[in-house]
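Since we're looking at a predicted model, the values are computed, not measured. When reading the values below, keep in mind they use all heavy atoms of this one structure, side chains included, and skip hydrogens, waters and symmetry mates.
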Amino acid sequence: MGLMPKRVKFRKMQRGKRRGSAFKGATLSFGGYGLKALENAYFTDRQIEAARVAVMRNLHGGGKVWIRIFPDKPITKKPAETRMGKGKGDPSHWVAVVKKGRILMEMDGIPLEVARESLRVAAHKIPFQTKFVTRMTHA
């Protein structure tokens with residue numbers, strides 16, 4: 001299994017609402033370049049890993065990358081061909097709830113064009129609209 005919490009207080013969680021903008025995690029904190037979410041969405045553990053691998057491949061071992069989100073929300077699913085009722089299904093995977101404005105990834109120690117290209121490749125793995133930001137455009 002990919003990214004997931006070591007332990008949680010409760011196995012199952014209610015869905016909640018995915019509206020509004022991010023207040024926390026909406027500014028660059030570590031690197032000079034980042035990828036910002038432009039929509040509210042769920043970002044699964046597998047999608048986060050795919051984006052991370054895409055970035056690392058593109059960087060060829062140079063620079064430093066920070067992943068600013070973590071999948072801590074369990075999503076449940078009932079087995080196929082099961083009748084309605086009989087309670088909530090078992091947790092099937094984990095997601096990070098992403099609100100618009102949230103910084104997803106940051107990087108530093110590389111030229112602007114390399115950062116732009118590697119985050120562009122990562123953006124293709126992400127199921128919602130994103131935007132490349134730098135300290136200059138962002139501040």
Side-chain angles (χ1 to χ4, degrees):
M1 193 115 180
L3 279 174
M4 62 185 282
K6 285 191 181 80
R7 53 191 292 274
V8 288
K9 194 166 185 180
F10 300 107
R11 276 180 67 231
K12 299 172 184 179
M13 200 183 273
Q14 291 186 336
R15 285 193 181 91
K17 295 279 183 278
R18 279 189 298 188
R19 58 178 178 235
S21 304
F23 294 106
K24 285 189 172 180
T27 54
L28 289 172
S29 301
F30 305 101
Y33 317 108
L35 201 58
K36 180 182 236 184
L38 297 180
E39 296 177 82
N40 297 334
Y42 283 157
F43 199 4
T44 70
D45 50 350
R46 286 180 171 185
Q47 289 161 348
I48 294 168
E49 182 61 14
R52 185 194 69 79
V53 168
V55 165
M56 293 314 207
R57 282 228 176 99
N58 215 279
L59 289 181
H60 305 294
K64 180 146 175 59
V65 177
W66 291 268
I67 293 160
R68 294 281 307 274
I69 48 171
F70 185 79
D72 56 358
K73 184 183 184 77
I75 299 296
T76 61
K77 191 159 176 31
K78 295 188 78 123
E81 298 177 16
T82 306
R83 290 186 178 190
M84 292 286 101
K86 305 272 189 293
K88 194 171 168 85
D90 288 321
S92 69
H93 62 280
W94 295 82
V95 298
V97 178
V98 174
K99 300 218 169 165
K100 61 177 176 264
R102 181 74 196 235
I103 301 291
L104 307 170
M105 293 179 156
E106 291 186 35
M107 53 177 54
D108 213 351
I110 44 171
L112 172 67
E113 285 315 308
V114 177
R116 192 183 293 277
E117 175 59 22
S118 58
L119 287 176
R120 187 190 67 80
V121 171
H124 284 296
K125 308 288 180 190
I126 297 175
F128 47 88
Q129 288 295 110
T130 56
K131 176 183 171 186
F132 177 79
V133 290
T134 65
R135 281 220 185 265
M136 292 55 144
T137 61
H138 194 66

Among residues at least two apart in sequence or on other chains, which ones pass side-chain contact (heavy atoms from CB on, under 4.5 Å) with Q47?
F43, T44, P127
Could you list the residues that satisfy side-chain contact (heavy atoms from CB on, under 4.5 Å) with R116, not counting sequence neighbours?
L112, E113, F132
If you apply the rule side-chain contact (heavy atoms from CB on, under 4.5 Å), what do you find for K125 with V53, and how did you get there?
CA-CA 10 Å; K125 308 288 180 190; V53 168; over 6 Å; no
With a 6.0 Å cut-off (strictly less than), is the heavy-atom count around [atom1] of [X], excluding the residue itself, greater than 12?
X    : atom1 : value
K12  : NZ    : yes
K78  : NZ    : yes
R18  : CZ    : yes
K131 : NZ    : no

Any non-hydrogen side-chain atom of S21 less than 4.5 Å from a side-chain atom of K100?
yes
So do the side chains of L3 and F70 get within less than 4.5 Å of each other, counting heavy atoms only?
yes
Under the 3.5 angstrom rule, does the side chain of D45 hit a backbone N or O of P71 as a donor-acceptor pair?
no
Any sub-3.5 Å donor-acceptor pair from N40's side-chain atoms to G20's backbone N or O?
yes
Salt bridge present between R46 and E49 (N-O < 4.0 angstrom)
no
Distance in Å, D72 CG paired with M13 CE, rounded so as to fall on 0.5 Å steps
6.0 Å
